[in-house]
Amino acid sequence: MVREAGRGDLQEILELYLCLHETSVPEYSEHLAAVWEQIMSDENHHLIVNEVDGIIVSSCVCVIIPNLTRNVCPYAFVENVVTHSDHRGRGYAMQCLDYAKAVAKQQDCYKMMLLTGSKEQKTLDFYTRAGYNCTDKTAFIQWL
């Protein structure tokens, strides 16, 4: 079942992120609680999860960004696409991305952007199948 994350999903999402690029689950702190509350309260921040048999197996983030160009239409930014390694290849991440696309359309976004750090052809092919292309824009990253 694909849905937006709820307040009770924090620990499970943090554990899922171990399959993304994290090496440990952060200890609970006031800062973590404040960031979680900020995410949960932000109507433009959509943390999407896919739950199978009561367990979150896949997730992505879709942030709607207000915009003054393109007839004042917002755009969507997708990040942190992840599926638990035991559940890959079953379409769970694609369902999350489809949900994100539905959110973006409902918010009248004119485009969606997605960044990946992966260079694996299998991953890049997955994003192409999901409707994204790597030819329209060039992404630059500056790490802080």
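Please read these numbers as outputs of a predicted model, since none were measured by experiment.
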Over 12 foreign heavy atoms within 6.0 Å of NZ, K111: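 Count over threshold, so yes.
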R70 atom CZ: more than 12 heavy-atom contacts under 6.0 Å: no
How many angstroms lie between atom [atom1] of [X] and atom [atom2] of [Y], to the nearest 0.5 angstrom?
{"X": "C73", "Y": "N67", "atom1": "SG", "atom2": "CG", "value": "8.0 Å"}
{"X": "L115", "Y": "E79", "atom1": "CG", "atom2": "CD", "value": "5.5 Å"}
{"X": "N44", "Y": "I65", "atom1": "CG", "atom2": "CD1", "value": "9.0 Å"}
{"X": "I56", "Y": "E51", "atom1": "CD1", "atom2": "CD", "value": "6.0 Å"}
{"X": "Q121", "Y": "L124", "atom1": "CD", "atom2": "CG", "value": "5.5 Å"}
{"X": "Q95", "Y": "M1", "atom1": "CD", "atom2": "CE", "value": "11.5 Å"}

Say whether [X] and [Y] are linked into one hydrophobic cluster, either directly or through other cluster members, by side-chain heavy-atom distances under 4.5 angstrom.
{"X": "M40", "Y": "L32", "value": "yes"}
{"X": "F77", "Y": "W143", "value": "yes"}
{"X": "M113", "Y": "V103", "value": "no"}

Could you tell me whether the side chain of [Y] reaches within less than 4.5 Å of the side chain of [X], counting heavy atoms only?
{"X": "V49", "Y": "Y99", "answer": "no"}
{"X": "H87", "Y": "V52", "answer": "no"}
{"X": "R88", "Y": "C19", "answer": "yes"}
{"X": "V81", "Y": "L114", "answer": "yes"}
{"X": "H84", "Y": "Y92", "answer": "no"}

Give the minimum heavy-atom separation between [X] and [Y], together with the two atoms involved.
{"X": "V61", "Y": "V63", "answer": "CG1-CG2, 3.8 Å"}
{"X": "L16", "Y": "T83", "answer": "CD1-C, 4.2 Å"}
{"X": "I64", "Y": "A104", "answer": "CD1-CA, 4.2 Å"}
{"X": "C96", "Y": "C60", "answer": "O-SG, 3.7 Å"}
{"X": "C109", "Y": "Y75", "answer": "SG-C, 3.7 Å"}
{"X": "G54", "Y": "E12", "answer": "O-OE2, 4.0 Å"}

Among V78, V2, I48, side-chain contact (heavy atoms from CB on, under 4.5 Å) partner for L97: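 With L97 as partner, V78, V2, I48 yield a single side-chain contact (heavy atoms from CB on, under 4.5 Å), made by V78.
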Worked check of side chain to side chain contact (heavy atoms under 4.5 Å, CB included) between I13 and W36: CA-CA 11 Å; I13 291 167; W36 182 242; 3.8 Å; yes
Basic-acidic side-chain contact under 4.0 Å: D9, R3: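 Salt bridge present between D9 and R3.
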Residue pair R129, M94: steps toward the side chain to side chain contact (heavy atoms under 4.5 Å, CB included) verdict: CA-CA 9 Å; R129 283 193 315 277; M94 188 69 77; 4.2 Å; yes
Residue pair Q11, V25: steps toward the side chain to side chain contact (heavy atoms under 4.5 Å, CB included) verdict: CA-CA 8 Å; Q11 188 63 35; V25 174; 3.5 Å; yes
Backbone of V82 reached by a side-chain donor or acceptor of S59 within 3.5 Å: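 Not a single qualifying donor-acceptor pair exists.
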Whether H31 side chain and Y28 backbone form a donor-acceptor pair below 3.5 Å: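 Checking the backbone N and O of Y28 against the side chain of H31, no donor-acceptor pair under 3.5 Å is found.
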Working for side chain to side chain contact (heavy atoms under 4.5 Å, CB included), residues E37 and R7: CA-CA 8 Å; E37 181 56 34; R7 283 182 165 73; 2.6 Å; yes
